[in-house]
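Whatever order the structure lists them in is the order used to number ligands and atoms, beginning at 1. We're numbering straight along the sequence, starting at 1.
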Amino acid sequence: YVFGTPFPWHVALLGFFMFPAAVGYGILRQELFEIRMVAKSSAAYGAATLAITGLFAFLITFADALVGRFDVDARSPAISVAFLFFAILLFNPLRVRMQRLVDGFFDRDRVAYRVAVREISEAMVSMLSVKEIVDRILVAVTDTMGVEGAMVLLLDDKDEVLRPEASRGGWDEEAAGATFRSDHPLCRQLWMRRTSLSRGDFDEEGDPEIREACRDVFDTLDAELLVPILFGVDLLGVIAVGRKLSGERLGVDERQLLRTLANQSSIAIENARAFDEIAKLNETLEGRVEGRTRELRDTQAQLVQSEKMRSLGQLVAGVAHELNNPIGFVHANLQLLDEYVEKLMRPGTDAESRERIREAIAKLLTRSREGTERVKQIVEDLRTFSRTDQAELQEVCISDELDRTLVLIEPRLKDGIEVVRDYGQVPPVRCFAGQLNQVFMNLLMNACDALEGRGEIAVRTRPADGGVRVEIEDDGPGMSAEVKTRIFDPFFTTKDVGKGTGLGLSISHGIVERHGGRMWVESEPNRGTTFMIELPPEAPVEEAQ
Ligand code: ADP
């Protein structure tokens, strides 16, 4: 480039100097090296090297003089080289030691920072309160770096505000009470740039609004550096660092230490918050479990109640049907009676007619009495069926109880379902008959549901082990193995919503068990279903209540 051009050579030389000058400027501007420290340590190196070199020269001269005195042919190059070699060997450890000393002296800050980081990471492993962590960070920052003060501001997730959590050193009131919204430009800048920021970092910010807003924060807090505490993509808080007591600016090392501390604290703070939440959850857990259990118990009670209401509904339908006939004809008879009495009282009725009317009235009264007898019997049956007034064990004939129940489900049978009774010679059983009737009612209702209006129900009783065995069989569609394994589970139902509660069989199972008996089922798809119940001659009193 230089040769063969008319370009004056010293201009080219200028370019030669411009390059290191530009690099030097870049280093200074972008703070690539810590110039202050590099300069200091270079000066120290220079001084040390000078001292060692002086000593070396002195020794060489001294040796030379010594050799001259003993008249050795010192001019021989072999001896000189050997001597020099020994001298270098001798000086090398000294040089290494000196270098270490100088390095150690200028690197002492870095050593202190390393120790601080190690200590703080060890301590944070066991810290579980945000307050403790924040205090520890503040101590590390102020003590290790020799700054005026440090403050930790944390983001409050609830009202989305960054506010001081703790501080150390001198902060004025304005700084101590400062709060910033999470959408403040500075928070956004810290979140976006993900590095510590000083006031000077906004000199080149193009948007004057952002620049001023961010500078304001530095002025309010009177902080030199703001270090973001980031966890994943979230900004948890900020460490605000004041000026160094020595008056120097915070260097690269210090910034790095602050970043490391912020990272450590973010993990520790998140852990502590999670721990806090778990602790709070634990505190309320017991109460919540109790609440849920109560709710479940209430729901269960409601469902059991609705199952009872369903049985009651069936029962009422049966009773109404049974009562309707006798009451119907008693009512019609009363009307006839009315007419006959009027005829009887009418003047001019001859004796023969009176006699006929009297006979007719007598017949009507007899038949009406039969009707009311029937009504009385049904009401009596109903009371016996439910036996709500009898909490004591009673001796009953299970076949009679089955008959009583069958009377009540009469309207469900209609014309399509035939009931075949096959009662054996069974011994009486001491039981709570009302409860057992609820079981029989349930099984018969399920059979009617399965038959859908057409089929046969066989009801059998047989003596078994001193007690009684009851079988209720239908020739309905039966059940799959899967359904069969679950029918006694509470709330298991294959019926439509509103038609089944899934409680009938589980309640029945409970009643039979409390009577000291057992209940099981035999069923296959398309082969019908048979429910079997075995009852001991006497129920264990206390358990059947
Ligand atoms: P729900 O009748 O309210 O469904 P249950 O506990 O009485 O509750 O019955 C549970 C389930 O058992 C029924 O949904 C039905 O699938 C089955 N089941 C009971 N009895 C019979 C039967 N005789 N034939 C076929 N399936 C039956």
Could you tell me which non-hydrogen atom of [X] sits nearest to which non-hydrogen atom of [Y], and how far apart they are?
{"X": "Pro326", "Y": "Gly371", "result": "CB-O, 3.4 Å"}
{"X": "Ile472", "Y": "Val459", "result": "CG1-CG1, 4.5 Å"}
{"X": "Val468", "Y": "Thr461", "result": "CG1-CB, 4.5 Å"}

Give the single entry among Ser506, Gly502, Ser523 that approaches atom 1 (P) of ligand 1 most closely by any heavy atom.
Gly502
Of the listed options Leu444, Val483, Leu505, closest to atom 5 (P) of ligand 1 (non-hydrogen atoms)
Leu505
Verify, without hydrogens or angle tests, whether Thr179 (side chain) and Leu162 (backbone) share a donor-acceptor contact under 3.5 angstrom.
no
Enter the distance from Ser266:OG to Ile133:CD1 here, rounded to the nearest 0.5 Å.
10.0 Å
For Phe492, counting its heavy atoms only, list the atoms of ligand 1 lying under 4.0 Å from any of them.
10 (C)
Which of the atoms of ligand 1 are close to Thr494, meaning less than 4.0 Å from one of its heavy atoms?
13 (C), 14 (O), 15 (C), 16 (O)
Consider ligand 1: state whether an atom of it lies below 4.0 angstrom from any non-hydrogen atom of Gly476.
no
Does ligand 1 have a heavy atom under 4.0 Å from the side chain of [X], from its backbone, from both, or from neither?
{"X": "Phe531", "answer": "side chain"}
{"X": "Thr493", "answer": "both"}
{"X": "Asp474", "answer": "side chain"}

Does Asp403 pair with Arg421 as a salt bridge, N-O distance under 4.0 Å?
yes
May I ask you to say whether Asp156 pairs ionically with Arg181, meaning some side-chain N is under 4.0 Å from a carboxylate O?
no
What protein heavy atom lies closest to [atom]? Include the residue and the distance to one decimal.
{"atom": "atom 17 (C) of ligand 1", "value": "Ile487 CG2, 3.7 Å"}
{"atom": "atom 21 (C) of ligand 1", "value": "Met479 CE, 3.9 Å"}
{"atom": "atom 7 (O) of ligand 1", "value": "Asn446 ND2, 2.9 Å"}
{"atom": "atom 2 (O) of ligand 1", "value": "Lys495 NZ, 2.7 Å"}

By side-chain hydrogen bond (donor to acceptor under 3.5 Å, both in side chains), Glu122 pairs with (sequence neighbours left out) none
